[in-house]
There are 2 protein chains.
Amino acid sequence: MPKETFFNLPAEKRDAICETAVTEFAAHPYEQASVNRIVAQAGIAKGSFYQYFENKKDLFLYLLQIMGKAKLDYLTPALQNPAQHDFFTLLRDMYRAGIQFAIDYPLYAEIGKKLLASKDDPILADVIEANMPAAQNFFAPLLLQAISRGEVRADIDVAMFSYMIAAMHTHVVEYHIDHIDPTYDETMMATLNQFIDFLQHGMGVENET
Amino acid sequence: MPKETFFNLPAEKRDAICETAVTEFAAHPYEQASVNRIVAQAGIAKGSFYQYFENKKDLFLYLLQIMGKAKLDYLTPALQNPAQHDFFTLLRDMYRAGIQFAIDYPLYAEIGKKLLASKDDPILADVIEANMPAAQNFFAPLLLQAISRGEVRADIDVAMFSYMIAAMHTHVVEYHIDHIDPTYDETMMATLNQFIDFLQHGMGVENET
DNA sequence: CTAAAATATGACCGGTTGGTCACATGACTG
DNA sequence: CAGTCATGTGACCAACCGGTCATATTTTAG
């Protein structure tokens with residue numbers, strides 16, 4: 001957690017520092033990100049930085065915390081009435097929220113992506129271990145509920161599909177960011193609906209009913 | 001490409017250096033990997049290293065080349081008779097080959113994973129750009145063929161599913177490595193078959209025929 | 001106006017990086 | 001044996017890293 005000195009700063013200066021830091025961590029993974037570059041870009045002295053933060057990790061964890069809150073704001077509406085909709089609708093809403101988050105906060109999304117990629121870094125191990133299983137542990141009960149409701153096949157390996165659903169979420173977001181014009185909301189929804197339909201019915205030719 | 005001096009080395013010394021380097025690049029992404037550590041671990045002088053290789057990148061690209069050949073050996077049998085089997089059987093064979101490769105060469109797999117993760121590194125941009133579209137461009141024609149054969153739904157976005165199939169391949173491999181006991185081949189095949197079945201028929205409850 | 005407390009600063013530290021280079025050692029050749 | 005050429009070597013380089021600290025400046029309080 002940053003020191004009190006940091007929170008005593010005028011809000012605009014605080015935000016400027018955070019913005020600079022976000023840019024740095026979006027451009028370089030944690031280990032490559034440079035405190036020197038951050039202070040130079042933010043126009044503050046090296047010594048000041050260490051009056052605001054314990055160290056590089058302190059700043060990084062603080063940013064992750066802010067990011068987590070922002071992302072939660074996007075996901076919460078989708079999770080409001082978990083019993084209201086069927087599993088695949090819920091999944092679609094969550095994927096859509098994730099995509100929208102990445103569109104609105106591309107730098108946050110980039111940091112998250114890089115973090116996921118460097119999850120075996122020992123210095124970040126505690127953060128990862130604390131938050132990584134979250135995604136899978138989150139989907140597992142949803143899957144079980146969906147099975148009991150008769151929405152999802154009962155013969156699936158829940159652990160594996162929790163893992164894959166979380167992983168696919170990442171890649172769906174990435175695909176949209178890299179390939180879909182973010183201004184065309186309909187295209188995004190069309191592609192997403194198609195993908196959710198695939199999750200439900202597969203990509204094989206449908207059996208004649 | 002390494003210098004002639006490197007290839008003049010006794011094979012065992014050459015292999016020892018490569019093995020050390022592979023270990024280093026499996027433990028650290030390219031930018032973090034240290035030439036100093038490699039030479040220390042391999043028991044050669046720093047100067048010698050630069051008599052063998054132009055620079056760090058030279059060594060890394062050489063290792064990637066070796067890895068590529070090794071992986072191709074695993075994939076070739078699955079691709080032998082592309083017209084013989086249906087799309088999903090082909091996909092299963094490819095996924096299985098990928099898993100087996102990761103089991104037999106865990107360090108190679110780790111390097112590949114880290115490379116994929118750091119694909120926006122400018123110094124490696126050329127390698128990535130040269131090989132990354134390969135995966136997607138590889139699956140796209142297969143998908144088109146499968147559609148024309150009536151094995152895959154004709155209404156899918158081929159570009160997106162090429163991307164997702166390649167991405168899912170990575171995660172299926174990762175899941176197996178992290179969660180499945182590599183000695184129990186049946187477990188692996190059972191999980192894999194289940195996943196392929198999901199790709200074909202989805203995870204939703206099946207329609208009554 | 002003064003004293004004390006908070007904040008800003010950049011030179012500096014030890015350590016690591018990728019890479020170089022003058023030189024030592026060894027092996028082949030005449 | 002002498003000479004040539006390939007190979008081995010580690011001290012050395014500039015650049016950068018995260019982090020410290022004595023000191024200068026500013027703000028606050030009495």
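The model shown is predicted, which means the values in this text are computed figures rather than measured ones. Chain identifiers are assigned alphabetically (A, B, ...) following the order of the sequence lines, protein sequences preceding nucleic acid strands; residue numbering begins at 1 within each chain.
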What is the distance, rounded to the nearest whole Å, between atom [atom1] of [X] and atom [atom2] of [N]?
X	N	atom1	atom2	value
B:I44	C:dG18	CD1	P	13 Å
A:K56	D:dC16	NZ	P	15 Å
B:Y30	C:dG18	OH	C1'	9 Å
B:Q32	C:dG18	CD	P	10 Å
B:D121	C:dG18	CG	P	13 Å
B:L9	D:dG8	CG	P	6 Å
A:Q51	C:dA6	CD	P	11 Å
B:H28	C:dT17	NE2	P	9 Å

Just N and O in the side chain of [X]: are any of them under 4.0 Å from OP1 or OP2 of [N]?
X	N	result
B:Y50	C:dT20	no
B:Y52	D:dG8	yes
A:N8	C:dT7	yes
B:N55	C:dG18	no
A:S34	D:dG18	yes
A:K13	C:dT7	no
B:R37	C:dT17	yes

message: If you apply the rule side chain to side chain donor-acceptor pair (under 3.5 Å), what do you find for A:D104 with A:Y74, and how did you get there?
response: CA-CA 10 Å; A:D104 294 345; A:Y74 275 69; 2.5 Å; yes
query: Of all heavy-atom pairs between A:N36 and A:V39, which one has the smallest distance, and what is that distance?
result: O-CG2, 3.1 Å
When all nucleic acid strands are considered with a 4.0 Å heavy-atom cut-off, which category describes [X]: base, sugar-phosphate, or nothing?
X	value
A:L59	nothing
B:K46	base
A:A33	sugar-phosphate

- request: Would you kindly compare A:N36 and A:S48 by the position of their nearest DNA chain D nucleotide and give the one closer to the 5′ end?
  value: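 It is A:N36 whose nearest nucleotide is closer to the 5' end.
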message: Between A:E31 and B:G47, which residue's closest nucleotide on DNA chain D lies nearer the 5′ terminus?
response: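 Its nucleotide being nearer the 5' end, the pick is B:G47.
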- prompt: With a 4.0 Å cut-off, would you call B:K114 and B:E24 a salt bridge?
  reply: no
message: Working note: A:D86 + A:T89, criterion side chain to side chain donor-acceptor pair (under 3.5 Å); need CA distance, chi angles, decisive distance, verdict.
response: CA-CA 5 Å; A:D86 73 306; A:T89 303; 2.3 Å; yes
message: Taking the six-membered ring of A:Y108 as reference, does the cationic atom of A:K71 (NZ for Lys, CZ for Arg) lie under 6.0 Å from its centre and within 45° of its axis?
response: no
